[in-house]
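Let me begin by presenting the structure, written as structure tokens, before commenting on it.
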Amino acid sequence: MAELLVTGGAGFIGSNFVHHVIDTTDHSVVVLDKLTYAGNLASLEGLPAERVTFVQGDITDAPLVDDLVSRTDAVVHFAAESHNDNSLDDPRPFLDTNIVGTYTLLEAVRRHGTRYHHISTDEVYGDLELDDPARFTESTPYNPSSPYSSTKAGSDLLVRAWVRSFGLQATISNCSNNYGPYQHVEKFIPRQITNVLRGQRPRLYGAGQNVRDWIHANDHSSAVLTILAKGRIGETYLIGADGEKSNKDVVELILTILGKPADDYEHVTDRAGHDLRYAIDSSKLRRELGWTPKYRDFEAGLRATIDWYASNEAWWAPSKDATEAFYAAKGQ
Ligand code: NAD
Ligand code: DAU
């Protein structure tokens, strides 16, 4: 049994990971989360108080981080400013949290010799052409496009430097686009589901040809726990579930499942610098650590996600109006 410090544990994937740890191990968890607009304590409801402790705080707060790291066996670092569109509007919080926050954690785990796992994204590799047979691998050169992805790339490079220079006991994972319950309504899939539930039309950026490689958040969590337990120190592992879909196909599927005409959506202003396609080759993780995704049926996962949003309006409604006002001001 170990105690894990999980940063960003009140966010979409961090909270999924905390539930996964409690359900599948005997570890206890301390969650460190600032509760930004993206954090929600309701995502942690139902967890046993004797195994989960919540601390509200900022990962750039060095004394707080040092104190928490000094009392933990391993750190799993999810906390981030995570949304590309926000990073185009106001990059500064992305630099503070994603770069300075990661630096603050690295210095603390260096001082205390603590095992560290760094959560990152496939966006650090830039994008692929639609017809490119290649997929991202662990040796694809970094080529980020947005303020968000460049700060995530910067944070990954800090981890690599701390491993090489200071012998940090760290691993890194880069995952593709996650979907599932408890995702903020600013993100593509929940935005379109909640639009339709509210009688509004989905909004597709540009022509909708962009491709994302979807993975259920439960599979991301099981992969991270596998890497934490069995990953080789200093290594990077790509996480993906072979889920490539165009945005247009996803919107049409959401509309069809909700009983609407498949073409009942609007094309809106495209995202600046919009990455065309992401695709992950996760064979290293599967081959070396024996991980496989369980949620391979995207339509079944999407139906369950739609059911969750339909049944949990109290969770997402408080964020919906502000999110739509933000997009409306950008013509999106
Ligand atoms: P999210 O935006 O839903 O959650 C982020 C959480 O971090 C929130 O609870 C927020 O309150 C917290 N946080 C933000 N700034 C903080 C700070 N300074 N101090 C402490 N807590 C802070 O994000 P998510 O989608 O769950 O993503 C989690 C991680 O996974 C991020 O590192 C992201 O880059 C990575 N990732 C996300 C995806 C995806 O599809 N969403 C895919 C691959 C990797
Ligand atoms: O690839 C992993 C990344 O996936 C993570 O690192 C990020 O944290 C996460 O937000 C996600 O980034 P994307 O930019 O791919 O996700 P988003 O949900 O913002 O958009 C998915 C696609 O849908 C993208 O091509 C933009 C498009 N889109 C998005 C919104 C919000 C639309 O067409 N309409 C929309 O309303």
Side-chain angles (χ1 to χ4, degrees), residues 6-17 31-41 43-44 55-61 64-65 76-87 93-94 96-98 100-102 104-105 118-125 127 136 144-146 148-149 151-152 155-156 173-180 182-192 195 202-215 217 220 224 239-240 245-248 250-251 265-271 274-280 323-324 326-327 330 332:
V6 177
T7 71
F12 165 46
I13 306 170
S15 63
N16 185 290
F17 180 74
V31 171
L32 171 60
D33 197 296
K34 187 178 175 181
L35 294 181
T36 67
Y37 79 95
N40 192 338
L41 278 181
S43 305
L44 292 170
V55 177
Q56 183 169 5
D58 194 317
I59 56 167
T60 65
D61 180 342
L64 173 66
V65 165
V76 187
H77 176 35
F78 289 91
E81 286 291 338
S82 70
H83 194 39
N84 277 296
D85 291 316
N86 292 343
S87 81
F94 290 75
D96 292 338
T97 290
N98 300 358
V100 179
T102 298
T104 307
L105 283 158
H118 184 74
I119 304 294
S120 192
T121 168
D122 59 358
E123 295 195 15
V124 299
Y125 300 114
D127 61 353
F136 299 138
S145 313
S146 74
Y148 162 68
S149 54
T151 58
K152 290 297 292 187
S155 71
D156 293 10
S173 56
N174 297 78
C175 188
S176 60
N177 283 65
N178 286 220
Y179 76 100
Y182 298 100
Q183 187 170 30
H184 194 279
V185 290
E186 69 189 354
K187 302 296 197 305
F188 177 57
I189 287 180
R191 184 181 184 208
Q192 314 314 337
N195 273 4
R203 306 282 202 272
L204 207 45
Y205 293 174
Q209 299 305 313
N210 307 62
V211 168
R212 296 295 182 264
D213 190 352
W214 293 101
I215 180 172
H220 190 177
V224 170
I239 304 173
K245 303 255 175 304
S246 75
N247 294 339
K248 183 168 173 291
V250 173
V251 158
Y265 57 82
E266 284 179 28
H267 291 281
V268 295
T269 311
D270 206 352
R271 173 184 286 171
H274 196 174
D275 279 342
L276 191 52
R277 172 175 161 245
Y278 306 138
I280 286 269
T323 301
E324 290 307 317
F326 167 78
Y327 282 126
K330 293 154 64 84
Q332 294 178 324

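Side-chain atoms are counted along with the backbone in the values below, which use heavy atoms only and exclude waters and symmetry mates. All ligand and atom numbering here is 1-based and tracks the order in the structure.
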Quiz prompt | Under 4.0 Å from ligand 1 - residues by heavy atom, chain and number | solution =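 Lining ligand 1 at under 4.0 Å, by heavy atoms, one finds Gly8, Ala10, Gly11, Phe12, Ile13, Asp33, Lys34, Leu35, Thr36, Ala38, Gly39, Gly57, Asp58, Ile59, Phe78, Ala79, Ala80, Ser82, Thr97, Ile119, Ser120, Thr121, Tyr148, Lys152, Cys175, Ser176, Asn177, Asn178.
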Exercise. Using distance alone, with no hydrogens and no angle criterion, decide if Glu186 and Asn86 have a side-chain donor and acceptor under 3.5 Å apart.
Key: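 The criterion, which ignores hydrogens and geometry beyond distance, is satisfied for Asn86 and Glu186.
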Mind checking the [atom1]-[atom2] spacing from [X] to [Y]? Nearest 0.5 Å is all I need.
{"X": "Leu41", "Y": "Leu35", "atom1": "CG", "atom2": "CG", "result": "5.0 Å"}
{"X": "Ser176", "Y": "Asn178", "atom1": "OG", "atom2": "CG", "result": "6.5 Å"}
{"X": "Asp122", "Y": "Ser149", "atom1": "CG", "atom2": "OG", "result": "10.0 Å"}
{"X": "Arg191", "Y": "Thr323", "atom1": "CZ", "atom2": "OG1", "result": "8.5 Å"}

Quiz item: Looking at Phe188, does the NZ or CZ of Arg212 lie under 6.0 angstrom from its six-membered ring centre and within 45 degrees of the ring axis?
Solution: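 No cation-pi geometry.
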Exercise. Please state whether the rings of Tyr278 and Phe136 are parallel, tilted or perpendicular, taking 30° and 60° as the class boundaries.
Key: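 The rings of Tyr278 and Phe136 sit tilted, inter-plane angle from 30° to 60°.
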Exercise. Evaluate the ring planes of His184 and Tyr37, with Trp represented by its six-membered ring, and classify them as parallel (under 30°), tilted (30 to 60°) or perpendicular (over 60°).
Key: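 Perpendicular.
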Show me the short polar-atom pairs for ligand 2: any N or O of it lying under 3.5 Å from a protein N or O, with distances only.
residue: ligand 2; atom: 1 (O); partner: Asp122; partner atom: OD1; Å: 2.5
residue: ligand 2; atom: 1 (O); partner: Asn177; partner atom: OD1; Å: 2.7
residue: ligand 2; atom: 4 (O); partner: Asn177; partner atom: OD1; Å: 3.4
residue: ligand 2; atom: 4 (O); partner: Asn177; partner atom: ND2; Å: 3.0
residue: ligand 2; atom: 6 (O); partner: Thr121; partner atom: OG1; Å: 2.7
residue: ligand 2; atom: 6 (O); partner: Tyr148; partner atom: OH; Å: 2.6
residue: ligand 2; atom: 8 (O); partner: Ser82; partner atom: O; Å: 2.7
residue: ligand 2; atom: 8 (O); partner: Tyr148; partner atom: OH; Å: 3.0
residue: ligand 2; atom: 10 (O); partner: Ser82; partner atom: O; Å: 3.3
residue: ligand 2; atom: 12 (O); partner: Glu123; partner atom: OE2; Å: 2.8
residue: ligand 2; atom: 14 (O); partner: Asn84; partner atom: ND2; Å: 2.9
residue: ligand 2; atom: 14 (O); partner: Arg271; partner atom: NH1; Å: 2.6
residue: ligand 2; atom: 15 (O); partner: Asn177; partner atom: ND2; Å: 2.9
residue: ligand 2; atom: 15 (O); partner: Arg212; partner atom: NE; Å: 2.7
residue: ligand 2; atom: 18 (O); partner: Phe188; partner atom: N; Å: 2.9
residue: ligand 2; atom: 19 (O); partner: Arg271; partner atom: NH2; Å: 2.8
residue: ligand 2; atom: 23 (O); partner: Asn247; partner atom: ND2; Å: 3.4
residue: ligand 2; atom: 25 (O); partner: Arg212; partner atom: NH2; Å: 3.2
residue: ligand 2; atom: 25 (O); partner: Asn247; partner atom: ND2; Å: 2.9
residue: ligand 2; atom: 25 (O); partner: His274; partner atom: NE2; Å: 2.6
residue: ligand 2; atom: 33 (O); partner: Tyr205; partner atom: N; Å: 2.8
residue: ligand 2; atom: 34 (N); partner: Arg203; partner atom: O; Å: 2.8
residue: ligand 2; atom: 36 (O); partner: Arg191; partner atom: NH1; Å: 2.7
residue: ligand 2; atom: 36 (O); partner: Gln192; partner atom: NE2; Å: 3.0
residue: ligand 2; atom: 36 (O); partner: Arg203; partner atom: O; Å: 3.3

Self-check item: From CA spacing to verdict: side chain to side chain contact (heavy atoms under 4.5 Å, CB included), Thr97, Ile59
Solution: CA-CA 7 Å; Thr97 290; Ile59 56 167; 4.0 Å; yes
